[in-house]
Amino acid sequence: MSGTIKVLNVAEKPSVAKSVSAILSRNQGLRVRDGRSRFNKIFEFNYSIRGQPCHMLFTSVTGHLMELEFEDRFRKWHSCDPADLYHAPVRKFVPEDKVGIKRTLEEEARRCQWLVLWLDCDREGENITFEVIDVCRAVNPHLTIRRARFSALIEREIHHAMQNLVDPNPWFSDAVDARQEIDLRIGASFTRFQTMLLRDKFVIDSATDDRNLVLSYGPCQFPTLGFVVERYWEVQSHEPEEFWTINCSHRSDEGVATFNWMRGHLFDHTCAVIVYEMCVQEPTATVTKVRNQEKLKYPPYPLSTIELEKRASRYFRMSSEHTMKAIVQEQKEHPEWGSYAQRLLDPGTGLWRNPGSGGHDDKAHPPIHPTKFSTGERGWSQDHHKLYELVVRHFLACVSQPAVGAETTVEIDIAGELFSASGRIILERNYLDVYRYESWGGSMIPTYTVGQQFVPTSLTLDMGVTRPPPLLSEADLLSCMDKAGIGTDATMHDHIKKLLDRFYATKDSNTRFSPTNLGEALVMGYDDMGYELWKPNLRSMMEFDMKEVSVGNKSRDEVLATCLQQMKACFLDARLNKVKLLEAMAVFFERSNRAVGGDNHTAGEVVRQCGLCQESSMVLKKNLDGNFMVGCLGFPQCRNAIWLPGSVLEATVTSNICSSCNPGPVYLIQFKFRQLEIPPGFNANHLGCIGGCDDTLKQLIEICGTGSRMSARGRGPTTTSSNVQRSSNRQGACLYCQQMGHSSNDCPSQFSGSRNSRSRTNSQNGDPSISCSTCRTPCVLRTANTANNRGRKFYSCPSQECNFFIWEDTLNNGNGGRSIPRECINSSASNSRRRGGHGQFGHNGARTADVTFVSATGDPVSSRRCYVCGDPSHFASACPNRGM
DNA sequence: GCAAGGTC
């Protein structure tokens with residue numbers, strides 16, 4: 001061997017090839033030339049690996065070089081039963097747009113002795129590694145193959161990787177192979193199944209051209225949709241519950257302290273009234289505890305991609321997709337945060353701190369950090385500036401000391417009830433100086449000492465109503481996906497976008513997601529089947545198996561076999577239960593009266609291969625008008641069809657094969673004819689063949705005519721009206737409970753369970769006569785469901801932000817329609833009830849105080865009167881109206 | 001026409 005060896009190096013993307021080449025060559029003698037692909041240049045330089053002089057060629061791929069697909073004869077949607085896709089042969093191939101890269105690799109690999117792989121060091125990167133190896137080895141089997149391990153484009157790390165090459169890890173790659181195959185088989189089978197089942201049966205108004213609509217299913221997109229739907233159902237089914245809380249404030253020369261009731265709130269009105277009354281009767285507060293504490297507020301962890309997307313969405317309302325697209329690069333001395341950076345670097349300030357570990361490590365990338373200083377470049381959009389600023393400020397914050405505050409908590413006792421107030425002063429702002437997206441409210445409270453007594457300035461019993469959680473925001477959705485392991489940082493935004501593209505969900509101006517009717521119907525359908533196909537569990541289980549493969553605990557084939565077997569069983573079962581999907585769709589969509597396509601028949605069993613297109617199967621079908629035919633699954637491309645006699649009552653494909661018709665097999669069909677429609681001498685039961693050998697069948701077709709002609713006669717008004725009847729006149733039998741006399745829309749069974757509250761909400765649309773006092777939005781009339789006010793109607797603002805609320809029956813009773821101040825507390829009712837307890841607070845005498853108290857309605861009320869009915873002759877605890 | 005994963 002001559003002294004120098006030729007080494008082909010391959011990176012995952014062009015920019016890495018360029019950077020690593022620059023580092024290794026130290027920009028000495030670095031040359032660049034074009035390859036076969038426009039974007040993937042080839043860099044050349046000399047280098048020495050452990051003393052061995054090398055001529056280095058450095059090129060790149062752009063992500064995966066290969067794709068997985070079914071073999072050609074399974075690729076057309078009608079070419080096979082979707083269930084066949086669980087075992088149909090698949091192949092890896094280099095798609096058209098990657099052929100140039102493949103040719104570059106082949107050409108360069110032929111003249112090299114070594115192949116060094118610089119793909120990302122995660123599972124996908126390892127899989128791409130093997131794709132590159134396959135291509136290169138095919139043209140040069142003698143290549144020595146080595147893997148470089150690195151995680152960041154830092155000089156020290158790159159040289160270290162080059163000098164410490166390792167072997168590629170086939171387990172990592174196997175895990176990806178398994179994932180790809182499972183995703184393809186599940187995705188393609190369910191997508192074809194649900195698209196062909198539903199698309200032509202319903203008028204799906206969201207799509208402009210629903211002939212081309214694809215109702216896709218994917219192991220990532222569906223759980224993502226599931227999160228959106230689940231939250232939407234939660235919001236829809238929320239039943240507001242009233243609660244009561246006691247608030248106390250105290251004003252002194254030093255300022256105001258607001259004390260919160262340490263019970264939080266009570267859901268039992270009577271109980272709250274009794275406690276309140278006790279406080280009113282004996283209102284002197286005694287300070288029981290004063291705690292002074294230093295509190296730290298820590299800066300955020302270094303940014304992962306997902307965290308960057310979440311924060312960009314939260315702070316700038318930027319979609320995750322947009323964030324990803326915007327270029328996050330460059331850094332230096334900035335007019336705004338430059339001085340902070342200088343302080344940070346000055347050891348004298350002591351501001352620096354090594355960042356914490358966020359617990360996320362994809363093994364392929366370091367945390368996001370500014371890689372170059374910039375005061376902004378020409379051509380940067382506003383969003384680009386904002387993202388750059390976020391990356392820089394976040395990075396500076398990560399390496400800064402936490403903010404320091406002094407917190408004072410004061411606890412007081414009023415008639416045995418505990419209240420607490422706290423105040424905070426910020427002593428050192430530290431990282432908050434640069435991280436302007438976060439704040440730490442400081443509020444002063446007067447100084448108190450233990451044992452001090454005072455009379456509160458106000459003591460009120462306030463009512464609140466529980467509120468539903470908000471719809472999922474983009475940041476929430478990313479969190480849900482991250483937690484459940486749905487998608488990767490690079491693909492999560494794709495899955496979210498797919499929901500919008502497929503008309504499964506919409507995003508409002510507040511970046512909050514709601515399902516469309518289509519999205520809700522699909523999830524509802526699978527939910528009704530009892531399958532969790534829309535939940536993240538399936539993906540999480542797959543992810544667990546992938547991990548097992550990647551560490552060598554399980555083999556790729558073992559995982560593939562088990563997973564595909566289970567999923568096929570699930571698919572077959574879902575198909576048996578397809579009526580659930582149809583019912584769910586029927587809740588939201590009108591039936592289509594489109595009389596086209598094989599999809600409008602009930603799906604049938606295979607009778608023989610199609611002799612006309614030679615591609616698809618001929619199957620027995622029953623048209624919507626009740627007539628039977630044997631048609632090609634390739635319709636409408638292939639229009640081969642055999643129309644059967646109009647007198648057929650029932651027809652079933654048997655497993656018997658005709659002994660004379662070719663090409664076989666041609667399966668015999670068991671017919672049952674309507675006796676009155678066939679001539680005497682013909683048997684109503686007949687085992688027939690459509691291959692051409694069956695004279696009985698031919699005669700009957702001649703005599704009785706075929707379903708085709710019947711159908712042609714029937715088309716037009718008759719067919720239309722029958723279809724219309726199917727769709728709009730669902731009273732025939734309710735889709736929910738199968739009972740006669742009402743439609744599914746009015747089914748009483750709909751009103752149990754959470755999801756179906758949709759119809760209730762729709763009937764409670766805004767009443768324009770009552771508007772929210774804050775945002776002027778028409779209020780929604782709702783019904784309370786609490787022990788004290790069950791069935792009582794109230795109006796509330798539909799906005800999540802406003803707290804407007806008013807009882808309907810107070811509108812015309814001279815009360816002036818005063819709204820009741822309240823606050824939103826989302827704690828669960830059961831917890832609060834547990835805290836509150838019942839009946840343990842007794843009436844303990846009639847002591848009064850000389851302060852004015854404010855009632856829940858805002859009116860001054862004398863402490864000497866019953867709080868419930870206002871009667872001065874008794875207290876609320878003895879009020880005869882209390883139980884009302 | 002279908003998935004999810006790379007990346008441009």
Query raised in the report: Does a side-chain N-to-carboxylate-O contact under 4.0 Å join A:E69 and A:K92?
Result: no
Polar side chain donor-acceptor pair, [X] to [Y], under 3.5 angstrom:
{"X": "A:S374", "Y": "A:Y388", "result": "no"}
{"X": "A:T59", "Y": "A:N40", "result": "no"}
{"X": "A:S60", "Y": "A:E12", "result": "no"}
{"X": "A:Y531", "Y": "A:D573", "result": "yes"}
{"X": "A:S473", "Y": "A:D476", "result": "yes"}

Are OP1 or OP2 of [N] and a side-chain N or O of [X] less than 4.0 angstrom apart?
{"X": "A:S216", "N": "B:dG1", "answer": "no"}
{"X": "A:R123", "N": "B:dG5", "answer": "no"}
{"X": "A:K98", "N": "B:dG6", "answer": "no"}

**Report entry** Strand contacts (DNA chain B) in residues 539-560 of chain A, 4.0 angstrom heavy-atom criterion
**Finding:**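 Within residues 539-560 of chain A, the residues near DNA chain B are A:R539.
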Report task. Could you check which residues of residues 167-194 of chain A get a heavy atom under 4.0 Å from DNA chain B? Sort them by number, please. Result ->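 A:R179, A:Q180, A:D183, A:L184, A:G187, A:A188, A:T191, A:R192, in order of number.
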Rounded to whole angstrom units, what separation is found between the [atom1] atom of [X] and the [atom2] atom of [N]?
{"X": "A:K18", "N": "B:dT7", "atom1": "NZ", "atom2": "C1'", "value": "17 Å"}
{"X": "A:H495", "N": "B:dG5", "atom1": "NE2", "atom2": "C1'", "value": "8 Å"}
{"X": "A:L538", "N": "B:dA4", "atom1": "CG", "atom2": "P", "value": "11 Å"}
{"X": "A:N40", "N": "B:dC8", "atom1": "CG", "atom2": "C1'", "value": "9 Å"}
{"X": "A:L68", "N": "B:dA3", "atom1": "CG", "atom2": "C1'", "value": "10 Å"}
{"X": "A:F222", "N": "B:dA3", "atom1": "CZ", "atom2": "C1'", "value": "13 Å"}
{"X": "A:D501", "N": "B:dC2", "atom1": "CG", "atom2": "C1'", "value": "15 Å"}
{"X": "A:L198", "N": "B:dC2", "atom1": "CG", "atom2": "P", "value": "17 Å"}

Selection from [options] that lies nearest to any side-chain heavy atom of [X]:
{"X": "A:P14", "options": "B:dA4, B:dG6, B:dT7", "answer": "B:dT7"}
{"X": "A:H78", "options": "B:dG1, B:dA3, B:dG6", "answer": "B:dG1"}
{"X": "A:K13", "options": "B:dT7, B:dG5, B:dG6", "answer": "B:dT7"}
{"X": "A:E69", "options": "B:dG6, B:dG1, B:dC2", "answer": "B:dC2"}
{"X": "A:E12", "options": "B:dC2, B:dT7, B:dA3", "answer": "B:dT7"}

Query raised in the report: Among A:R556, A:K554, A:R539, which residue meets the salt bridge (charged side-chain N to carboxylate O under 4.0 Å, His left out) test with A:D545?
Result: A:K554
Report task. With heavy atoms under 4.0 Å as the rule, sort A:G125 into base, sugar-phosphate or nothing. Result ->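 The answer is nothing, as A:G125 stays clear of every strand by at least 4.0 Å.
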Query raised in the report: Do other residues, nucleotides or ligands put more than 12 heavy atoms under 6.0 Å from A:R31 CZ?
Result: yes
Query raised in the report: Is any side-chain N or O of A:T62 under 3.5 Å from a base N or O of B:dC8, one able to act as donor and the other as acceptor?
Result: yes
Report summary line: Residue set satisfying side chain to side chain donor-acceptor pair (under 3.5 Å) with A:E107, at least two apart, ordered chain then number -> A:R36
Requested in this report: May I ask you to check whether A:Y217 and A:F222 place their ring centers less than 6.0 Å from one another?
Outcome: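 Yes, they do, as the ring centres are separated by less than 6.0 Å.
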Query raised in the report: Where each residue is assigned the nucleotide of DNA chain B containing its nearest heavy atom, which of A:R75 and A:I128 is assigned the position nearer the 5′ end?
Result: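 By nearest-heavy-atom nucleotide position, the 5'-most residue is A:R75.
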Query raised in the report: Between A:W77 and B:dG1, do the rings stack, that is, sit under 5.5 Å apart with planes less than 30° off each other?
Result: yes
